[in-house]
Amino acid sequence: MSVNTHVAMFPGSFDPPTMGHINIIERCLRLYDRLYVVVADNISKHCLFTAQERVEVLKEIFSGSPNIEVVSYDGLMVNFAREYSVGVMIRGVRAVGDFGYEFELAMTNKQMMNDLEVLFMPTDPNYFMLRSSQIKEMAAFGADVSSLVPPQVSELLRKKKPVLH
Ligand code: ADP
């Protein structure tokens, strides 16, 4: 079955979603008819929030956007792309440091699924220092993260305050 290049996916951990993720998603919507935001439900990665919590908060944030579907997936992202006939995978890149990792990942995915196009979207300059791990660290110290995450995520962080290990 061939894939649909008008449909894109934006996979990630989103633990938790930040304004950097939201910015990439909003920009993807300018380009694609339909976008799957795929929350990786990966047992090998230790997440603060359950996959269900991450899916629910993203659904809440994008409740007014009918072109977005938020789902969790516990397999390889290329298998998701095959199952859902998705032709494009978007990855956000911040600094040069991100690029090496993302490039290798793209090569691996391309080897497994040659008809999946992987596109890199550079971050908005406002968010180029922003990562989920930093949000959790700041929240653990009680710092104000309200300008860095959507209000729904601030609320989630209030309910489930991260602790430093
Ligand atoms: P993963 O574990 O797959 O890297 P993340 O949730 O950390 O999951 O990131 C998901 C995607 O979002 C990745 O492509 C990452 O580069 C991108 N991303 C994360 N933070 C930002 C940001 N501030 N600006 C742009 N892209 C970002």
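Worth knowing before you read on, the calculation uses all heavy atoms, side chains too, and leaves out hydrogens, waters and symmetry mates. Whatever order the structure lists ligands and atoms in, that order sets their numbers, starting from 1.
Close contacts of ligand 1 with Phe10, meaning ligand atoms under 4.0 Å from a residue heavy atom, involve 11 (C), 12 (O). Near Pro11, meaning under 4.0 Å from any of its heavy atoms, are these atoms of ligand 1: 10 (C), 11 (C). Every atom of ligand 1 with a heavy atom of Glu102 under 4.0 Å away is listed here by number and element: 14 (O), 16 (O). When each atom of ligand 1 is checked for a heavy atom of Gly12 under 4.0 Å away, the hits are 3 (O), 8 (O), 10 (C). Each of the following atoms of ligand 1 lies closer than 4.0 Å to a heavy atom of Phe14: 6 (O).
With hydrogens left out, the protein atom closest to atom 4 (O) of ligand 1 is Arg91 NH2, 3.3 Å, a heavy atom. Among all protein heavy atoms, the one lying closest to atom 15 (C) of ligand 1 is Gly92 O, 3.6 Å. Protein heavy atom at the shortest distance from atom 20 (N) of ligand 1 is Arg94 NH1, 3.1 Å. In this structure, the protein non-hydrogen atom closest to atom 24 (N) of ligand 1 is Thr123 OG1, 2.8 Å. Atom 8 (O) of ligand 1 has Ser13 N, 2.9 Å as its closest protein atom, hydrogens excluded (heavy atom only). The nearest protein atom to atom 7 (O) of ligand 1, hydrogens excluded, is given as His21 NE2, 4.3 Å; this is a heavy-atom distance.
Residue contacts with ligand 1 for Ile24 involve side-chain atoms from C-beta outward but no N, CA, C or O (heavy atoms, distance under 4.0 Å). Contacts with ligand 1 closer than 4.0 Å are made by no heavy atom of Arg131, backbone or side chain. Of the heavy atoms in Ala40, none comes closer than 4.0 Å to ligand 1.
Distances from ligand 1 to the non-hydrogen atoms of Phe128 include no value under 4.0 Å. Residue contact check for ligand 1: Met129 places no non-hydrogen atom closer than 4.0 Å to it.
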Trace of the side-chain hydrogen bond (donor to acceptor under 3.5 Å, both in side chains) decision for Ser146 with Asp144: CA-CA 6 Å; Ser146 58; Asp144 179 15; 2.7 Å; yes

task: Evaluate side chain to side chain contact (heavy atoms under 4.5 Å, CB included) for Val37 paired with Leu35, printing each intermediate quantity in order.
output: CA-CA 6 Å; Val37 176; Leu35 178 71; 4.1 Å; yes

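For a threshold of 3.5 Å applied to N or O pairs, the pair formed by Thr18 and ligand 1 contains no separation below that value. Some N or O of Leu130 is nearer than 3.5 Å to an N or O of ligand 1, by distance alone.
In summary, of the residues considered (Met129, Arg131, Met138), a side chain to side chain contact (heavy atoms under 4.5 Å, CB included) with Leu148 occurs for Met138 alone. For the pairing with Met112, the side chain to side chain contact (heavy atoms under 4.5 Å, CB included) check across Asn109, Leu116, Asn114 returns one residue only, Asn109.
Without hydrogens or angle criteria, Arg34 side chain to Ala8 main chain gives no donor-acceptor distance under 3.5 Å. Between the side chain of Arg54 and the backbone N or O of Val39 there is no donor-acceptor pair closer than 3.5 Å.
Ring centroid separation for the pair Phe14 and Phe10 comes in under the 6.0 Å cut-off.
Note that CZ of Phe62 is 4.0 Å distant from CD1 of Ile22, once rounded to the nearest 0.5 Å.
A salt bridge is defined here as a Lys NZ or Arg NE, NH1 or NH2 lying under 4.0 Å from an Asp or Glu carboxylate O, and Lys110 with Asp115 fails to meet this definition. Checked for salt-bridge contact, Asp124 and Arg27 miss the test: no charged N lies under 4.0 Å from a carboxylate O.
Side chain to side chain, Tyr84 and Glu69 fail the donor-acceptor criterion of an N or O pair below 3.5 Å.
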